[in-house]
Colleague: 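First, the structure itself, so that you have it in front of you.
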Amino acid sequence: MAHLTQNPADKERFICIYPVYINSKKTLAEGRRIPTEKAVENPSCGEIRDVLVAAGMNVYVENKMHPREWNRDVQFRGRVRVQIKQADGSCCLDRFTSRKDVMFYVAEMIPKLKSRTQKSGGESSCQQGEGGKKSKKKKK
């Protein structure tokens with residue numbers, strides 16, 4: 001079906017980025033679109049949105065799933081729509097001329113997010129064993 005509008009500034013014409021496109025844990029057959037060494041481990045829609053908003057892009061998130069994603073968990077849900085072209089056809093930002101440029105940028109910036117750097121740092125959990133209940137045997 002042809003697009004209802006030819007205007008690149010309409011929300012229907014924004015490019016779609018699913019987290020699976022930049023997930024290093026996925027194969028090409030499962031939907032990954034960039035090389036594994038440049039991809040990120042298990043990105044979320046929120047992280048993709050945060051990176052693109054910080055870069056000054058026009059972004060919104062939809063509650064959709066990638067067709068090849070078999071896991072129905074909430075963390076794998078979501079699709080980010082990004083505007084890369086203005087109404088006159090020129091690029092919104094010069095560094096993002098194609099969807100691949102956007103994916104490479106997002107995959108490069110997600111590991112630098114505070115949420116990613118703090119998770120690996122301060123998690124030390126003290127685990128205490130229960131003080132034992134000794135089983136009493138009956139004396140004969």
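Just so it is clear, the values below take in all heavy atoms, side chains as well, and ignore hydrogens, waters and symmetry mates. We number each residue from 1, following the sequence as shown.
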Colleague: Check side chain to side chain contact (heavy atoms under 4.5 Å, CB included) between P35 and all other residues, then give those that pass, not counting sequence neighbours.
Modeller: E37, F104
Colleague: What heavy-atom pair brings P43 and I22 nearest, and what distance separates the two atoms?
Modeller: CG-CG1, 3.6 Å
Colleague: Using the side-chain contact (heavy atoms from CB on, under 4.5 Å) definition, which of the options M57, M103, Q83 pairs with F96?
Modeller: M57
Colleague: Could you walk me through whether I84 and C92 pass side-chain contact (heavy atoms from CB on, under 4.5 Å), step by step?
Modeller: CA-CA 5 Å; I84 60 172; C92 291; 5.8 Å; no
Colleague: For E30, is there an ion pair with R68 - N to carboxylate O distance below 4.0 angstrom?
Modeller: no
Colleague: Examine distances only and state if a side-chain atom of N23 and a backbone atom of N42 form a donor-acceptor pair shorter than 3.5 Å.
Modeller: yes
Colleague: Report yes if some heavy atom in the side chain of V102 is under 4.5 Å from a heavy atom in the side chain of I15; otherwise report no.
Modeller: yes
Colleague: For a quick test of reading the model, state the closest non-hydrogen atom pair linking G31 to H66 and the distance between them.
Modeller: CA-CE1, 4.3 Å
Colleague: My understanding is that only residues two or more places apart in sequence, or in another chain, count here; which of them pass side chain to side chain contact (heavy atoms under 4.5 Å, CB included) with C91?
Modeller: T97
Colleague: Residues two or more places apart in sequence or in another chain: which of them pass side chain to side chain contact (heavy atoms under 4.5 Å, CB included) with R49?
Modeller: V53, V59, V61
Colleague: How close do R81 and C16 get, counting heavy atoms only, and between which atoms?
Modeller: NE-SG, 3.2 Å
Colleague: If I take atom CG from residue L52 and atom CG from residue N58, how far apart are they, to the nearest 0.5 angstrom?
Modeller: 10.5 Å
Colleague: Taking only residues two or more places apart in sequence or in another chain, which ones pass side-chain hydrogen bond (donor to acceptor under 3.5 Å, both in side chains) with R33?
Modeller: Y21
Colleague: Tabulate below the donor-acceptor pairs under 3.5 Å that side-chain atoms of residues 105-112 make, not counting sequence neighbours, or state none.
Modeller:
none

Colleague: Run the side-chain hydrogen bond (donor to acceptor under 3.5 Å, both in side chains) test against R32 and tell me which residues pass, sequence neighbours left out.
Modeller: T36
Colleague: Taking C-beta and beyond as the side chain, do E47 and S115 meet within less than 4.5 Å on heavy atoms?
Modeller: yes
Colleague: Can you name the closest pair of heavy atoms from P19 and G78 and give their distance?
Modeller: CD-O, 3.5 Å
